[in-house]
Amino acid sequence: MNLVFLDRQTLAPSVNLRRPAFDHHWQEYAETAPEQVVQRLLHAEVAIVNKVKIGAAELAKLPALKLIALAATGSDNVDLAACRAAGVAVCNIRNYSKSAVPEHALSLMMALSRNLHAYRSSVADGRWQQAGQFCYFDYPVRDLKDMTLGLIGYGTIARDLERLVRALGMDVIVAARKGQPAEPGRQSFEHVLAEADVISLHCPLTADTHHLIGEQELAMMKPDALLINVGRGGLVDEEALLCALKEQRIGGAGFDVVSAEPPASNNPLMQALDCPNFILTPHIAWASQAAMQRLADQLVDNIEAFAAGREQNRLV
Ligand SMILES: NC(=O)c1ccc[n+]([C@@H]2O[C@H](COP(=O)([O-])OP(=O)(O)OC[C@H]3O[C@@H](n4cnc5c(N)ncnc54)[C@H](O)[C@@H]3O)[C@@H](O)[C@H]2O)c1
Ligand SMILES: O=C(O)[C@H](O)CO
């Protein structure tokens, strides 16, 4: 079996990626540009990708391909419908980041609610020396205790985040899918937007969730609410968020993801970086050594399962 990993560099060099325990030929590339995908996968039965895009146009030219093994939970870079139509199986990685990503989301929430970023910058700028007393109050400092977290998407990561924040004394409400009514355990999407002090996004990026949060939704949020996005960039209309931040219509935003990564310098969120209440990290919520190693082990498990004729973590 020919296995080709198109973007090996998306896993840190410290990760031990064992070779599958069956006869195979392994080829890996540090990175792959869109125009190189077909040529590199021409003889591959198994394509391994983290973020390289594979769509209907590529699949049409890859008759040998049998499996796309995602080195990620998110599958928005692969056209699942086209894979189904082409008879190409797809599997992803599950549960590997259930500590890492919730901890990152919580870090963003804490940093924003206490304005750590703004205070750190002002200390660096000499503001403390000018304060004339032992402290100063340029930015609000808020406790998460007694705040309400609104979860959009309630899978592995969201449930672990819920466990963490409940220990801090936060209340948690979970949104029903947009356009669907409230049901036991789920409040309507609009109710969650209006009631939560912190909104955190944990659903996949699909046609249904693209720009789930836009101008209208931002306007429904409390004026001091925080928006956390460790899911996917496309979930939020970035222009609308930039306006809301600049016009101080929301309390702050903590993002680990943007719509195109790495972001172009004209990405709206790059223009939000001078807002003291906006924090952007470079898609590293998942990237603890422990989580990445779990991902790498599960990636090879998935491929071995496929080779043995077992369905494991299959999306298609
Ligand atoms: N920033 C990072 O480093 C990082 C790491 C891992 C995962 N992620 C992202 O986080 C997402 C969630 O990961 P997970 O492990 O919790 O996945 P999961 O599959 O366990 O949970 C996703 C949840 O979203 C729900 N959902 C699907 N469509 C929805 C919709 N239209 N509206 C509301 N909910 C919807 C699903 O029912 C499911 O409960 C992934 O899809 C990925 O995009 C980011
Ligand atoms: O979806 C995921 O698992 C993260 O984005 C890392 O690839």
Side-chain angles (χ1 to χ4, degrees), residues 5-12 15 31 48-53 68-78 80 90-108 150-164 173-183 185-190 192-193 199-213 217 228-236 254-262 279-299 302 313-315:
F5 194 168
L6 289 181
D7 50 357
R8 169 64 176 87
Q9 194 173 259
T10 61
L11 301 181
V15 168
E31 57 188 328
I48 306 169
V49 292
N50 188 338
K51 293 291 173 278
V52 172
K53 289 189 166 72
I68 298 175
L70 281 160
T73 298
S75 58
D76 43 286
N77 52 318
V78 172
L80 298 182
V90 182
C91 58
N92 73 341
I93 311 294
R94 301 183 189 173
N95 300 327
Y96 78 99
S97 64
K98 66 200 292 297
S99 310
V101 179
E103 282 188 30
H104 197 85
L106 180 59
S107 304
L108 292 171
L151 292 170
I152 298 184
Y154 193 48
T156 308
I157 291 171
R159 285 167 197 263
D160 249 57
L161 178 60
E162 175 178 21
R163 194 177 52 74
L164 293 180
I173 51 178
V174 180
R177 291 190 183 201
K178 196 175 187 173
Q180 292 191 3
E183 56 181 282
R186 300 277 196 286
Q187 318 272 350
S188 76
F189 181 75
E190 292 75 17
V192 169
L193 287 181
I199 299 283
S200 198
L201 308 178
H202 300 287
C203 53
L205 176 61
T206 63
D208 285 343
T209 61
H210 181 255
H211 286 191
L212 192 67
I213 304 291
E217 291 72 23
I228 306 296
N229 187 7
V230 294
R232 282 292 184 267
L235 298 174
V236 176
F255 273 49
D256 185 49
V257 285
V258 296
S259 53
E261 296 168 347
I279 301 176
L280 182 61
T281 54
H283 203 143
I284 40 87
W286 65 294
S288 69
Q289 176 68 22
M292 267 195 288
Q293 189 57 56
R294 270 195 297 276
L295 179 153
D297 293 342
Q298 200 184 115
L299 174 65
N302 284 348
N313 290 4
R314 290 278 289 271
L315 296 169

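Both ligands and their constituent atoms are indexed starting at 1 by order of listing.
Ion pairing between Lys178 and Glu217 holds under the 4.0 Å rule for side-chain N and carboxylate O.
You'll find the side chain of Leu212 reaches within 4.5 Å of the side chain of Cys203, heavy atoms only. Leu11 has its side chain within reach of Phe5: a pair of non-hydrogen atoms, C-beta onward, lies under 4.5 Å apart.
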- request: Just do the salt bridge (Lys or Arg N to Asp or Glu O under 4.0 Å) check on Arg294 and Asp297 with the steps written out, would you?
  value: CA-CA 5 Å; Arg294 270 195 297 276; Asp297 293 342; over 6 Å; no
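Judged by a 6.0 Å distance limit and a 45° cone about the ring axis, Arg159 is positioned over the six-membered ring of Tyr154.
Rounding to the nearest 0.5 Å places OG of Ser97 at 3.5 Å from CD1 of Ile157.
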Show me a pair-per-line table, with atom names and distances to 0.1 Å, of protein N or O atoms that are under 3.5 Å from an N or O of ligand 2.
from     : atom 1 : to     : atom 2 : distance (Å)
ligand 2 : 1 (O)  : Thr73  : N      : 3.3
ligand 2 : 1 (O)  : Gly74  : N      : 2.9
ligand 2 : 1 (O)  : Arg232 : NH2    : 2.7
ligand 2 : 3 (O)  : Thr73  : N      : 2.8
ligand 2 : 3 (O)  : Tyr96  : OH     : 2.5
ligand 2 : 5 (O)  : Lys51  : NZ     : 3.2
ligand 2 : 5 (O)  : Arg232 : NH1    : 3.1
ligand 2 : 5 (O)  : Arg232 : NH2    : 3.1
ligand 2 : 5 (O)  : His283 : NE2    : 2.7
ligand 2 : 7 (O)  : Asn50  : OD1    : 2.8
ligand 2 : 7 (O)  : Lys51  : NZ     : 2.6

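In Gln289, the CD atom is crowded: over 12 heavy atoms of neighbouring residues, nucleotides or ligands sit closer than 6.0 Å. The number of heavy-atom neighbours closer than 6.0 Å to NZ of Lys98, taken from other residues, nucleotides and ligands shown, is 12 or below.
Between Ile93 and Ala71, the closest heavy-atom pair is CG1-C, 3.9 Å.
Under 4.0 Å from any atom of ligand 1, one finds heavy atoms of residues Thr73, Gly74, Tyr96, Ser97, Val101, Gly153, Tyr154, Gly155, Thr156, Ile157, Arg177, His202, Cys203, Pro204, Thr209, Val230, Gly231, Arg232, Asp256, His283, Ala285, Trp286.
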